[in-house]
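Everything on this sheet refers to the single structure shown next.
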Amino acid sequence: MSDASTQTGPLRHYLQFRDLSKSETQYVLDRARLIKNKFKRYEPHHTLHDRNLAMVFEKASTRTRVSFEAGMYQLGGSVIHLTTGDSQLGRAEPIEDTARVISRMVDLVMIRTFEQTRIERFAAHSRVPVINGLTNEFHPCQILADIFTFIEHHGPIEGKTVAWVGDANNMAYTWLQAAELLGFHLHVSTPNGYRLEADRVGKPAPGTLREFADPMEACRGADLVTTDVWTSMGYEAENEERRKAFADWRVDAEMMSVANPDAIFMHCLPAHRGEEVTGDVIDGPQSVVWDEAENRLHVQKALMEFLLLGQLD
């Protein structure tokens, strides 16, 4: 049943964090809590029985594949896994044609790819919802899981302060979208040459974004300190240059000590201990990275359910 007419409302995609409204995001987070609680009690939750998810990977993945695949099975559906090596995606078929074909055969598509324009072209020609599993520009499912994790540990994120230390990558830009939508403060500290691009930042609401040259100052008073690898996929040729540029942007115990006493640490993983974070931080008592990783499963289940079924009682 793979026609957009099987949706309970207008066709919706999730390509950026801001594709859902504040109230819709809150619904998905609340729904994820219910779904997670049922998961922990071993209660079946088969709201997507007989639905099919196609997962399209043009970038390698561990957490994204496992969380989406396990999640769809747990919702009662099934999964098809595609890569450029075993489909026409790697043989120069126009992505528009791929979208037209795949979306006639499944109910939902998740794509992990390179440029954001690529997933946007796919979505523009898809008859079913499309989810961004990661692009060079954005990683909305990860930030959705991060915010869910923050709420689990500290309650509502509105009015709180998140410190981003490191590269101005897809995670940083998605955190900015989340801060604007949900009303929290984002502190960003990046080395010269790796800062947020002004044309992409635009004009955030007052109080949303502060940039710091000193990562210690970015972390001061933060409720959450978070980072990512110094070299994202696709930038491996810059690895040595980046290791030098980012040497002072390693999250360590000293940075965590100037954050709020109950501040937590997050990392979307995989992590390189001794580079972007020290082992005593990521493996320490303030780290919630394993909860954060697991929560990809639960928020994505809630997201897939919402895109296909809308809001449920």
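For reference, positions follow the sequence shown, starting with 1.
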Aromatic contact between Phe148 and His298, with the criterion being ring centroids under 6.0 Å apart: yes or no?
no

Kindly say whether the aromatic ring centers of Phe246 and Tyr194 come within a distance under 6.0 Å.
yes

Give me the ring orientation class for Trp175 and Phe184: parallel if the planes are under 30° apart, tilted from 30 to 60°, perpendicular past 60°.
perpendicular

Quick one: pull up CG in Asn37 and CZ in Arg33 and give me the separation to the nearest 0.5 Å.
8.0 Å

Excluding sequence neighbours, so at least two apart, what forms ring-ring contact (aromatic ring centres under 6.0 Å, His included) with His45?
none

Whether Tyr14 side chain and Pro129 backbone form a donor-acceptor pair below 3.5 Å:
no

Any donor-acceptor pair under 3.5 Å linking the side chain of Ser287 with the backbone of Gly284?
no

Heavy-atom distance under 4.5 Å between the side chains of Arg31 and Phe306, does that happen here?
no

May I ask you to test the Glu276-Asp228 pair for a side-chain heavy-atom distance under 4.5 Å?
no

Members sharing Phe39's hydrophobic cluster (side chains within less than 4.5 Å)
Leu297

Regarding Arg200 and the six-membered ring of Tyr173, is the cationic atom NZ or CZ under 6.0 Å from the ring centre and inside 45° of its axis?
yes

Would you kindly check if the NZ (Lys) or CZ (Arg) of Arg127 is within the cone defined by 45 degrees around the ring axis of Phe122 and under 6.0 Å from the six-membered ring centre?
no

If you draw a 6.0 Å radius around CD in Glu217, do more than 12 non-hydrogen atoms from other residues or ligands fall strictly inside?
yes

For a side-chain hydrogen bond (donor to acceptor under 3.5 Å, both in side chains) check, start with the C-alpha distance between Lys59 and Asn136, then their side-chain angles and the critical distance, and finish with the verdict.
CA-CA 10 Å; Lys59 279 190 175 185; Asn136 291 348; 2.6 Å; yes

Do Met266 and Val281 sit in one hydrophobic cluster, given that two such residues count as connected whenever their side-chain heavy atoms are within less than 4.5 Å of each other, even indirectly?
no

In one Ile/Leu/Val/Met/Phe/Trp/Tyr side-chain cluster, 4.5 Å: Leu224, Met256:
no

Please report the shortest heavy-atom distance between Leu15 and Val130, naming the atom on each side.
CD2-O, 3.6 Å

